[in-house]
*Asks:* 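My questions will all concern the structure given below.
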Amino acid sequence: MIDKAYKIPLIYQKKDQRGFFELKTFLWLNDMEWMSIDRIKEYEYDNGENPFIIPFAITGGGDKWVWIVNNENKEYPVGLCERGEVNGIYYAKNTEDAILKQIIEYVTDSNFYLNKNEAKSYQISESELKLKLRKWKNSFKGILNDEYLEVISILEKLKLKYIENQYGAWYALLTLEEEKDLLYQYAKFDLIDKEFKWYSI
């Protein structure tokens, strides 16, 4: 179990108060499946896992989103611990930035279609995407800061565009360059992609 001295970040407590971890009112993000606060507190560490790391969500592939406990800030940095890896990777400065980053990455990826006849099973239409963005904007009022809510409002007004690079082609709201610029402007963090110790071996 996690150390009782560790504080659940305030932004996560607010989500809990809104019921975002309950089955009927669960608030979906593309690759961040939230754990309830009770589940977080009852987490049983495997042998060798760093007790200064607190898992709070999982990916679709079973990797762990974690808070890296430090003495500098109660809104702990967020990291990703992939299964089978000894080290984790820093993802965002705090939970608020991690949420915005998840949304920006989602609208930049190949999750959408223009022609339903050509759609893949996981893709949704532009109108469905706009509904998701509107739900995030409304659900996160009073949780995310106003500037981040405004970014979501701007995304909601955009149209899907054709994106292409050496790895493929897809439709998205943002180009890779636009994604990079937004993340630099709103979610800059010097430790992004740097490693931290997850397992001691």
Side-chain angles (χ1 to χ4, degrees), residues 1-45 51-70 73-81 83 88 91-109 111-112 121-157 173 182-183 186-187 189:
M1 298 177 67
I2 72 168
D3 191 313
K4 291 182 180 179
Y6 299 160
K7 304 297 183 184
I8 300 296
L10 180 59
I11 193 169
Y12 211 80
Q13 294 180 45
K14 289 181 178 179
K15 287 190 294 180
D16 181 55
Q17 292 164 5
R18 301 269 181 98
F20 291 166
F21 310 136
E22 298 172 14
L23 186 60
K24 290 184 179 180
T25 51
F26 188 83
L27 185 62
W28 179 88
L29 281 183
N30 181 51
D31 204 25
M32 194 173 274
E33 183 178 329
W34 316 109
M35 294 162 56
S36 69
I37 288 180
D38 285 343
R39 188 177 165 198
I40 292 169
K41 289 181 176 179
E42 293 167 2
Y43 179 79
E44 294 293 338
Y45 287 91
F52 290 97
I53 307 299
I54 304 175
F56 69 89
I58 58 174
T59 70
D63 301 324
K64 295 175 182 176
W65 292 105
V66 302
W67 293 308
I68 301 101
V69 175
N70 59 45
N73 193 333
K74 292 180 182 178
E75 296 295 323
Y76 308 127
V78 171
L80 179 62
C81 295
R83 291 192 299 174
Y91 180 75
K93 181 173 57 180
N94 51 44
T95 309
E96 184 175 43
D97 283 13
I99 291 170
L100 181 68
K101 188 173 178 181
Q102 277 277 298
I103 293 171
I104 290 172
E105 289 177 343
Y106 177 66
V107 303
T108 309
D109 210 346
N111 299 302
F112 320 106
S121 60
Y122 64 89
Q123 292 179 318
I124 63 174
S125 67
E126 184 177 280
S127 60
E128 290 173 295
L129 169 59
K130 297 304 178 69
L131 288 175
K132 285 187 185 297
L133 287 165
R134 194 169 305 129
K135 182 175 182 179
W136 285 328
K137 180 181 67 178
N138 293 332
S139 296
F140 284 124
K141 282 181 180 175
I143 294 178
L144 296 182
N145 67 61
D146 290 344
E147 192 172 29
Y148 287 11
L149 294 173
E150 180 60 27
V151 171
I152 299 173
S153 292
I154 292 169
L155 294 176
E156 188 185 346
K157 295 170 186 173
L173 292 186
L182 268 183
L183 291 176
Y186 294 103
F189 182 38

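The residues of the chain are indexed from 1 along the displayed sequence. Keep in mind it's a predicted model, so treat the numbers as computed, not measured.
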*Asks:* For Asp16 and Ile37, indicate whether the former's side chain and the latter's backbone hold a donor-acceptor pair under 3.5 Å.
*Replies:*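 No, because the side chain of Asp16 does not come within donor-acceptor range (under 3.5 Å) of the backbone of Ile37.
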*Asks:* Between Asp109 (side chain only) and Glu105 (backbone N and O only), is there a donor and an acceptor less than 3.5 Å apart?
*Replies:*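 No: the side chain of Asp109 does not pair with the backbone of Glu105.
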*Asks:* Taking Lys7's backbone N and O only, do any of them form a donor-acceptor pair with Tyr76's side chain (distance below 3.5 Å, no angle check)?
*Replies:*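 Such a contact is found between Tyr76 side chain and Lys7 backbone.
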*Asks:* Could you walk me through whether Trp34 and Phe20 pass ring-ring contact (aromatic ring centres under 6.0 Å, His included), step by step?
*Replies:* CA-CA 8 Å; Trp34 316 109; Phe20 291 166; 8.5 Å; no
*Asks:* Return the CZ to OG1 distance between Arg83 and Thr59, rounded to the nearest 0.5 Å.
*Replies:*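 Answer rounded to 0.5 Å: 7.5 Å.
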*Asks:* Search all heavy atoms of Ile54 against all heavy atoms of Val69 and return the closest pair with its distance.
*Replies:*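 Minimum heavy-atom contact is CD1-CG2, 3.6 Å.
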*Asks:* Step by step, would you call Trp67 with Phe52 a ring-ring contact (aromatic ring centres under 6.0 Å, His included)?
*Replies:* CA-CA 8 Å; Trp67 293 308; Phe52 290 97; over 10 Å; no
*Asks:* Indicate yes or no for a side-chain donor-acceptor contact from Asn145 to the backbone of Glu147 under 3.5 Å, with no hydrogens or angles considered.
*Replies:*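 Indeed, once roles are kept as given, a pair shorter than 3.5 Å links the two residues.
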*Asks:* Tell me, do Glu42 and Ile2 make a side-chain contact under 4.5 Å, heavy atoms counted?
*Replies:*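 In short, these two side chains do not touch, never coming nearer than 4.5 Å.
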*Asks:* With sequence neighbours excluded, what pairs up with Lys137 under the side chain to side chain contact (heavy atoms under 4.5 Å, CB included) test?
*Replies:*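 Partners of Lys137 under the side chain to side chain contact (heavy atoms under 4.5 Å, CB included) test: Ile152, Ser153, Glu156.
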*Asks:* Passes side chain to side chain contact (heavy atoms under 4.5 Å, CB included), Val78 versus Asn94? Steps please.
*Replies:* CA-CA 6 Å; Val78 171; Asn94 51 44; 5.8 Å; no
*Asks:* Mind checking the NZ-CE spacing from Lys101 to Met32? Nearest 0.5 Å is all I need.
*Replies:*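 One finds 9.5 Å between NZ of Lys101 and CE of Met32.
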*Asks:* Within 45° of the axis and under 6.0 Å from the centre of the six-membered ring of Phe21, does NZ or CZ of Lys15 qualify?
*Replies:*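 Cation-pi check for Lys15 and Phe21: fails.
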*Asks:* Taking atom SG of Cys81 and atom CG of Asp63, what is their separation to the nearest 0.5 Å?
*Replies:*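 So the gap between those two atoms works out to 9.0 Å.
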*Asks:* State whether the side chain of Glu22 and the backbone N or O of Gly19 hold a donor-acceptor pair below 3.5 Å, judged by distance alone.
*Replies:*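 No: the side chain of Glu22 does not pair with the backbone of Gly19.
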*Asks:* State whether the side chain of Thr95 and the backbone N or O of Ile11 hold a donor-acceptor pair below 3.5 Å, judged by distance alone.
*Replies:*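 Side chain of Thr95 to backbone of Ile11, a donor-acceptor pair under 3.5 Å: no, none is there.
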*Asks:* At what distance, to the nearest 0.5 angstrom, does CG of Asn111 lie from CG of Leu129?
*Replies:*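 Between Asn111 CG and Leu129 CG, I get 8.5 Å after rounding to 0.5 Å.
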*Asks:* Determine, step by step, whether Val151 and Leu100 satisfy the side chain to side chain contact (heavy atoms under 4.5 Å, CB included) criterion, reporting the C-alpha distance in whole Å, the side-chain angles of both residues, the deciding distance to 0.1 Å, and the verdict.
*Replies:* CA-CA 9 Å; Val151 171; Leu100 181 68; 4.1 Å; yes
*Asks:* Before giving the answer on side chain to side chain donor-acceptor pair (under 3.5 Å), spell out for Gln102 and Asn30 the whole-Å C-alpha distance, their side-chain angles and the decisive distance to 0.1 Å.
*Replies:* CA-CA 7 Å; Gln102 277 277 298; Asn30 181 51; 5.6 Å; no
*Asks:* Is the shortest side-chain heavy-atom distance between Ser125 and Glu128 below 4.5 Å?
*Replies:*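 Sidechains of Glu128 and Ser125: in contact.
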*Asks:* Any donor and acceptor pair, going by atom type alone, linking the side chain of Glu33 with main-chain N or O of Gly60 inside 3.5 Å?
*Replies:*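 Flag not set: sc Glu33 to bb Gly60 has no pair under 3.5 Å.
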*Asks:* Ile8 vs Ile40, test: side chain to side chain contact (heavy atoms under 4.5 Å, CB included). Steps then yes/no.
*Replies:* CA-CA 9 Å; Ile8 300 296; Ile40 292 169; 4.0 Å; yes
*Asks:* For Ala57, is there any backbone N or O sitting under 3.5 Å from a side-chain donor or acceptor partner on Lys64?
*Replies:*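 Not confirmed, Lys64 side chain does not pair with Ala57 backbone.
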*Asks:* Considering all heavy atoms of both residues, which atom of Pro55 and which atom of Met35 are nearest to each other, and what is their separation?
*Replies:*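 In terms of heavy atoms, the two residues are closest at O-CE, 3.8 Å.
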*Asks:* I'd like to check Leu27 versus Trp136 (side-chain heavy atoms, cut-off strictly below 4.5 Å). Are they in contact?
*Replies:*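 In contact.
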*Asks:* Nearest 0.5 Å, please: how far is CD1 in Ile104 from CG in Leu173?
*Replies:*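 Between Leu173 CG and Ile104 CD1, I get 11.5 Å after rounding to 0.5 Å.
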*Asks:* Hey, is OH on Tyr6 packed in by over 12 heavy atoms from elsewhere, all under 6.0 Å?
*Replies:*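 Correct, the count exceeds 12.
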*Asks:* Answer yes or no: does atom NZ of Lys41 have more than 12 heavy-atom neighbours from other residues, nucleotides or ligands under 6.0 Å?
*Replies:*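 Atom NZ in Lys41 is not packed in, count stays at 12 or less.
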*Asks:* Restricting to non-hydrogen atoms, name the atom on Arg18 and the atom on Ser139 that form the minimum distance, rounded to 0.1 Å.
*Replies:*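 Result for this residue pair: NH1-O, 2.7 Å.
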*Asks:* Verify, without hydrogens or angle tests, whether Tyr91 (side chain) and Val66 (backbone) share a donor-acceptor contact under 3.5 angstrom.
*Replies:*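 Answer holds: no.
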*Asks:* At what distance, to the nearest 0.5 angstrom, does CG of Asn138 lie from CG of Leu133?
*Replies:*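 One gets 11.0 Å once the value is rounded to the nearest 0.5 Å.
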*Asks:* Can you see whether Asp97 engages Tyr148 through a side-chain donor-acceptor pair at a distance of less than 3.5 angstrom?
*Replies:*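 Indeed, the side chains of Asp97 and Tyr148 share at least one donor-acceptor pair under 3.5 Å.
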*Asks:* For Ile124 versus Lys132, what's the shortest heavy-atom pair and its separation?
*Replies:*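 Reported closest heavy-atom pair: CD1-CE, 3.6 Å.
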